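Below: one structure, written as structure tokens.
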Amino acid sequence: MKWLDRFAEKSARRVARSSSRRSFIAKAGTVMLGAAAVPLLPVARANDSSRPPAPTESGDPDSCDYWRYCAIDGYLCGCCGGSFNTCPPGTTMSPITWLGTCTNPVDGKDYIISYNDCCGQSSCGRCLCTRSEGDRPVYQPFLSNDINWCAGSPVDVSYNCSTAVVLGLAVAE
Amino acid sequence: MKWLDRFAEKSARRVARSSSRRSFIAKAGTVMLGAAAVPLLPVARANDSSRPPAPTESGDPDSCDYWRYCAIDGYLCGCCGGSFNTCPPGTTMSPITWLGTCTNPVDGKDYIISYNDCCGQSSCGRCLCTRSEGDRPVYQPFLSNDINWCAGSPVDVSYNCSTAVVLGLAVAE
Amino acid sequence: MLRKLIVPVCLLLQSTVGFAEIERESLPESRVLPGPSPHWVWVSDMAFHNMPDGKVYLVDGDSGKFLGMLSGGLGFTALELPADYSQIYSPETYFSRGSRGERTDVITFYDPRTLQPNGEVIIPPKRLQGMPTHNYSALTDDDRFLIVYNFTPAQSISVIDVQERRLVGETETAGCALVLPSGNRRFQMMCGDGSLLTVTLNDAGEVTNKQRNEPFFDPNDDWVTEKAVRWGDTWVFVSYLGTVYPVDVSGDRPRPGKTWSLFSEEEKQASWRPGGIQHLAVHLTSDKLYALVHQGQDGTHKDPGQDVWVYDLKTQKKLQEIKLEKLSSAIQVSKDKAPLLFSVFIGNPALDVYDALSGEYLRSVDEIGMTPTVLQTP
Amino acid sequence: MLRKLIVPVCLLLQSTVGFAEIERESLPESRVLPGPSPHWVWVSDMAFHNMPDGKVYLVDGDSGKFLGMLSGGLGFTALELPADYSQIYSPETYFSRGSRGERTDVITFYDPRTLQPNGEVIIPPKRLQGMPTHNYSALTDDDRFLIVYNFTPAQSISVIDVQERRLVGETETAGCALVLPSGNRRFQMMCGDGSLLTVTLNDAGEVTNKQRNEPFFDPNDDWVTEKAVRWGDTWVFVSYLGTVYPVDVSGDRPRPGKTWSLFSEEEKQASWRPGGIQHLAVHLTSDKLYALVHQGQDGTHKDPGQDVWVYDLKTQKKLQEIKLEKLSSAIQVSKDKAPLLFSVFIGNPALDVYDALSGEYLRSVDEIGMTPTVLQTP
């Protein structure tokens, strides 16, 4: 898909631009490819035990008030045949998406959440969940939940549901 | 459209078959092309004043209990930008359709109603009306409201709404 | 393509601040389904208000879990499921511009475990579009050929070889409709005069014989619905007023059996009658007929009901009356020995699950599309 | 084709019994619309639950009559209406298999009186798909060129010459989004750092200059929504917290004006803020700004509201508070001297009509699609 080539080269520019900026939001905007990296770099990153452990969580991942969904806007994949981090059968995960920063009530820490869309079938239609905490306008794409992120998937823009993958800890400076 | 040729030739057979039958229903089944004739033969039939007048009617043509809708199953075109005998803008009337026999409460007479579908846009979605008095199974097509009659329209099967055109008086024998 | 992306990814991860990686959770990917459970059900949704976007949903009747879905195109009716469930066949219709432009009808092949399409056969753009029910298409008994009923309004059938994945051809069937399989190379169609057309195929799937038989019922008296169900070698037809017409299709020509009624004289007086979009279901191993019934007058033959009456097809006796929790326009029974009874109502998008033996209400699964129509069990 | 049919028709009419013709009622045909009324409104419906079947409905605000509709394809956003209403332009997206297969994006041309398509231009299959709002595409001030914002996620714009009905080309706009026209050959785009990109076209529609200006607001402080509205030579931006940023776009480079707030200190304390899918509207001839507002916290910038506050854009004073009958996620005001205020809520498919001067509730039109989003007046 041709856009990938152009996108790579653009991303480099975006880094250059944003690394001179100070705000966390701007920087969060630049790490969005980290989300892409999860599915794209399994081998390179598989056995890294040096990192802090994944967060301890509580709550129902199929309920809209689950902590990871603070910036979501869509159908919960857990109600659609997938889970909060797995796409339903028949759909393909978009590697590129928007990011949110949600507070885990268990440890009180802020985590970066990657809301990867699942694509290639029409709307699931179940567990529609709209919470836009930290959501930004569409001209700040990687913080905007108004964009159909299936645009970044190999199967294009048919949107089925949204996942919420913990990408990392949000480190305040 | 090729099917028309085949259809013409088939219709002839259907006449041959049904004219030997005794029941009114069977015969009503054979006149369905009369409905098609209304839009298709304007000149040939325009100034014929020898016929009985059109029925006197009462009631709201945008209401599902209007007498003409006794065998309808669909959206009322009067709520969709058309009327009980006119298609909405942007749609095309199917010349071939199913027939019903409805009693006009004003004169107590039975009339043959032609439920011509309006086609070429997606569903209108307004004033859905399902009354199936005299409706027959899909293997008796011209008395069946389960069939998408846009199949007979030049713009094919996208169904928008249904009209109810008075075709004639039902004459009991 | 991956390699192209990896470079900027690493670049970005290095240049990133305000972000600390943690132990990565299980790799996001698409779920793969296990082999089918007899308690799964496929729920068709024609999306009547948005017809170009028909869908079909897979639900596990035991857990009530929604397992996945397929998009089915314009005027979606139902899937075709071979006995071994090795593939899913879906007759679909599309326009190049959604609801206008060039029409393309296809049989799409789906992998039943990944629900990903793995092929298609383009068929004549003529498949019947109408209020969905079963019997608009069918597989031959050996699951080799798929027969699709066409209506343009010229009537015909298309034959697809699903093994070689090719269109065999189209044959005119003037005056006759629907597809009722009766063997590896034979099926019946219902004709407007109350007769059946017996169509025979050769091993290439070509139509070798079309035989129209005498009417087995009198349409001028009481019509049988098009929602007939199969009981082994017998097709079971039920009329608007509840008369049951069994027709043996094991031979070269159909043999109508002795008719009986779903209703006693008293029940007829109380105007009980069958009704619905899919108002009949058969549980083969127990020879039971499940009939969705209601009290109503002429014109209610497609109305929903809240009662399912169960009959022994051998003795033709009523065994049981099941009172449903909610209105129903379609019922289906799973094929196993501990069967579930599934029910949906087109006016309320939820799937209701009952114990098909005791009739006990088990659970309801909500948010099942917009206008659910047809139920199918593997 | 007609002649072919006339033969069997006559044949049939002769052979028919049990049927007597009567005086034929007016020939069935499709209705043709009169010229536009300023009180007409186009209501976009993205059909969120069935996204391949977006629609847009035309309603007469005076009578409440539903006048017609157009099908808009997958992820439908809004129409483009030239000032003379001589054509309707519709950016649309389709897939060869409904929600999969080959993607085709087009500008479809519709006759505004018959609502029949009369042409299309195929554009790059990249138009932004997202929650609909205005400003995803726009016409230049002379209605000659249509600009479509693309997101794949690479950002670019497509330029279409609607007079010659051809695609002029596509231009990268890395980091900048949306289309805010500011002249016959100029428009602005909003960039992630709070700046505007000024794009200049030549008379062939080719991009001759892209000039990125300094940020006119600080995104780290308070974001302006993408739902900016135009007031003559000024684009009016409103932030999440209600700060108004007027930007004069009459010159080669945008000139930010003096900011002001929709809310008094007390109102801010009571956490009033703007919100909705289309939360701003301008009535040009009276220099009025209509703002949909509600009380809420961070994250409610797209929440519906039930209050429309009216401001004088010249004096920046609040003139009026309109209490709506129902929740609203989108508002629009007609362009005439006796303007109507239109309102829809994506969660309840009805169109509400108010007197835009008195704020009086006039009527509601029900059954307007599934998920109404954007309102446009001719």
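Computed from a prediction, not measured in an experiment: that's the story for all the values here. Labels below follow one simple rule: chain letters A, B, ... track the order of the sequence lines, proteins then strands, and each chain is numbered from 1.
- Looking at C:Asp60, neither its backbone nor its side chain comes within 4.5 Å of chain A, counting heavy atoms on both sides.
- Not a single donor-acceptor pair under 3.5 Å links the side chain of C:Lys55 to the backbone N or O of A:Gln121.
- Using a 4.5 Å cut-off between heavy atoms, A:Cys77 makes no contact with chain C at all.
- Only the side chain of A:Phe84 comes within contact range of chain C, judged by heavy atoms closer than 4.5 Å.
- Of the possible donor and acceptor atoms, none in the side chain of A:Thr86 sits under 3.5 Å from a partner among the backbone N and O of C:Arg31.
- Interface remark: A:Pro88 contributes backbone atoms only to the contact with chain C (heavy atom separation under 4.5 Å).
- No part of A:Cys118 comes within reach of chain C, as not one of its non-hydrogen atoms sits under 4.5 angstrom from that chain.
- Close approach to chain A, defined as a heavy atom under 4.5 Å from one of its heavy atoms, is seen in C:Arg113, C:Thr114, C:Leu115, C:Gln116 of residues 105-122 of chain C, taken by number.
- Proximity to chain A is absent for every atom of C:Leu58, based on heavy atoms less than 4.5 angstrom apart.
- A:Leu128 is not listed as a side-chain neighbour of C:Glu367, based on a closest heavy-atom distance of 4.5 Å or more.
- Proximity to chain C (any heavy atom under 4.5 Å) is shown, for A:Ser123, by both the backbone and the side chain.
- Checked by atom type and distance alone, the side chain of C:Ser30 pairs as donor or acceptor with a backbone atom of A:Thr91 at under 3.5 Å.
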